[in-house]
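Report on one structure; see the data block that follows.
Nothing fancy with the numbering, it's 1 onward along the sequence.
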Amino acid sequence: MTVARNSAVHPRPGQSPRVEQIFDELLTIFAAAPGYIWGFRYRPQEGSGEVGRLTVWRSHEDADHVAQNSHVIALRAELNRLIQGDHVERVLLVEHTAGAPPRS
């Protein structure tokens, strides 16, 4: 079953640029992985300071497989040092889609 993974964090003061860079590096790694469908980095419009990313995968197993990559693990460890509070991770079951994701 297709899944989406959502990751949201609140960077420590002054760390937003590096957090964004890490999310972008992760997206680049994910885009080359089997089962990756689409992903993007986001920031809520209301200016909460949160930074997030959403990725869509063919299966939970595909997403889990790339998460075990040593470079991914190292980037996530660095990310955890740059954020305040918890790193919120959610796995969402994709139940319906309309159209294809946009291509860059």
Side-chain angles (χ1 to χ4, degrees):
M1 174 175 262
T2 303
V3 298
R5 284 199 170 171
N6 179 233
S7 180
V9 300
H10 285 89
R12 293 184 186 280
Q15 297 303 320
S16 229
R18 180 60 185 144
V19 168
E20 292 171 8
Q21 184 181 28
I22 289 172
F23 274 171
D24 293 349
E25 288 180 50
L26 288 168
L27 286 167
T28 299
I29 293 167
F30 296 160
Y36 176 87
I37 296 172
W38 188 54
F40 57 89
R41 175 173 46 88
Y42 67 85
R43 180 181 307 281
Q45 186 174 354
E46 80 275 355
S48 67
E50 180 181 284
V51 177
R53 72 176 155 77
L54 183 92
T55 53
V56 181
W57 297 89
R58 180 180 53 210
S59 71
H60 199 325
E61 293 77 20
D62 288 328
D64 283 348
H65 181 75
V66 74
Q68 300 307 312
N69 172 295
S70 61
H71 189 57
V72 169
I73 292 169
L75 287 170
R76 290 187 55 145
E78 181 182 354
L79 182 67
N80 285 332
R81 291 188 298 272
L82 302 172
I83 63 171
Q84 306 177 78
D86 293 330
H87 182 158
V88 178
E89 287 276 338
R90 296 183 71 202
V91 176
L92 311 164
L93 301 178
V94 177
E95 296 178 343
H96 176 78
T97 62
R103 297 283 179 206
S104 347

Separation between [atom1] of [X] and [atom2] of [Y], rounded to the nearest 0.5 Å:
X	Y	atom1	atom2	result
L92	W57	CG	CH2	14.5 Å
S16	Q21	OG	CD	12.0 Å
L75	D24	CG	CG	11.0 Å
M1	E95	CE	CD	6.0 Å
T55	D62	OG1	CG	11.0 Å
H96	T2	NE2	OG1	12.5 Å

Return the minimal non-hydrogen interatomic distance between [X] and [Y], and the atom names on each side.
X	Y	value
P17	G14	CD-O, 3.8 Å
E89	S7	OE2-OG, 2.9 Å
V66	A33	CG2-CB, 3.7 Å
L26	R76	CD1-CG, 4.5 Å
A8	Y42	CB-OH, 3.8 Å
Q15	L82	OE1-CD2, 3.1 Å

Could you check if a side-chain atom of R18 sits within less than 4.5 angstrom of a side-chain atom of E78, using non-hydrogen atoms only?
yes

Note, L93 side chain near V3 side chain (heavy atom, < 4.5 Å)
yes

Transitively linked via ILVMFWY side-chain contacts under 4.5 Å: [X] with [Y]?
X	Y	result
V9	V72	yes
L54	F30	no
V51	F40	no
F23	W38	no
V56	L27	no

Can a donor-acceptor pair be found, under 3.5 Å and without considering hydrogens, that links the side chain of Q84 to the backbone of P11?
yes

When you measure from the side chain of N6 to the backbone of V91, do you find a donor-acceptor pair of N or O atoms at a distance under 3.5 Å?
no

When you look at NE2 of H65, are more than 12 heavy atoms from neighbouring residues, nucleotides or ligands closer to it than 6.0 Å?
no

